[in-house]
There are 2 protein chains.
Amino acid sequence: MELPPNVLSQSCASRRYLALVASKWSLLVINALDDGPARNSFLMRKVGGISQKILTQTLRDLAAASLVSREDHGTLPPHVTYRLTPLGQSFRREVRSLIAWVEGNMPALRGAEPDQH
Amino acid sequence: MELPPNVLSQSCASRRYLALVASKWSLLVINALDDGPARNSFLMRKVGGISQKILTQTLRDLAAASLVSREDHGTLPPHVTYRLTPLGQSFRREVRSLIAWVEGNMPALRGAEPDQH
DNA sequence: CAGCATCCAGAAGGATACTG
DNA sequence: CAGTATCCTTCTGGATGCTG
């Protein structure tokens with residue numbers, strides 16, 4: 001007798017992972033990752049406006065959820081690469097679709113500028 | 001000579017709408033909305049854990065982006081309903097897909113609990 | 001019933017300096 | 001180059017009480 005996951009339920013564990021989805025920086029980093037390995041500095045340049053601190057934190061969170069894997073080549077100067085896991089690649093398809101929707105619907109979304117509170 | 005929207009660019013206006021996407025409460029409210037009209041109290045009950053303040057704020061933001069429409073029946077006691085616009089329904093498809101992914105991949109995501117910082 | 005105003009604790013995140 | 005540490009500001013959002 002086990003209930004299926006349901007994000008609308010406050011107590012459902014899926015809420016925890018939704019937080020990962022509903023994070024601006026996670027979405028952008030996932031979107032920036034291609035199939036090959038990517039380095040810290042590369043991602044810093046690719047994701048406009050992200051800080052070193054946030055990038056590191058985001059990558060750690062994504063790695064903890066096993067969406068990306070981290071490989072430290074142990075050289076000096078350091079050479080560390082990040083790569084999407086198969087699960088991460090599956091997730092990236094969702095993210096890309098969402099982002100494509102936003103970019104594609106910019107004309108419709110314009111005209112009604114969102115409040116800034 | 002106009003560039004296409006690109007969320008990876010810090011200055012792109014699409015970033016503003018991405019914030020709407022990358023919001024836990026927006027995703028849950030959109031997900032909770034069916035095709036018919038929905039009332040405040042109904043949404044409060046359906047979206048577990050949301051407060052009155054946040055629900056109102058979220059609905060206002062979604063309305064400002066013309067994803068939902070607000071209809072005040074002008075009666076007393078007040079009767080106000082919210083409804084997805086066609087644009088909102090299109091968006092809901094994306095959201096549902098994303099949420100289905102999260103719920104469907106719970107088994108894979110478990111095992112690697114995300115950090116709480 | 002819908003929603004606004006106020007207060008406030010905690011989280012997010014930017015800037016900067018430093019280290020192996 | 002990759003990452004940590006510290007400080008500090010801004011934003012998020014919960015709680016409560018009030019109004020037409």
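Just so it is clear: chains get the letters A, B, ... in the order the sequence lines come, proteins before strands, and each one is counted from 1.
Remark on DNA chain C: of its neighbouring residues B:P78 and A:W25, the 5'-side contact belongs to B:P78, judged by nearest-heavy-atom nucleotide. In terms of position along DNA chain D, the nucleotide closest to A:V80 lies nearer the 5' end than the nucleotide closest to the other residue of the pair A:K53 and A:V80.
Among the heavy atoms of the strands lying under 4.0 Å from B:Y82 are primed sugar atoms or P, OP1, OP2 only; no base atom is included.
At the phosphate of D:dC1, neither OP1 nor OP2 sits under 4.0 Å from any side-chain N or O atom of A:R39. Checking the phosphate oxygens (OP1, OP2) of C:dG14, a side-chain nitrogen or oxygen of A:S51 falls inside 4.0 Å. Note on B:T56: every side-chain N or O is 4.0 Å or more away from OP1 and OP2 of C:dA2. Listed pair B:R60 / C:dG3 fails the phosphate criterion, with no side-chain N or O lying under 4.0 Å from OP1 or OP2.
Taking atom CG on B:L55 and atom P on C:dA2, their separation rounds to 10 Å, with Å as the unit. The distance from atom CG of B:D61 to atom P of D:dT12 is 9 Å, rounded to the nearest whole Å. Atom CD of A:Q52 and atom C1' of D:dT4 are 9 Å apart (whole Å).
Side-chain atoms of A:Q89 never come within 3.5 Å of backbone atoms of A:D35 as a donor-acceptor pair (strictly under, hydrogens ignored). Although no hydrogens or angles enter the test, the distance criterion places a donor-acceptor pair under 3.5 Å between the side chain of A:R15 and the main chain of A:V7.
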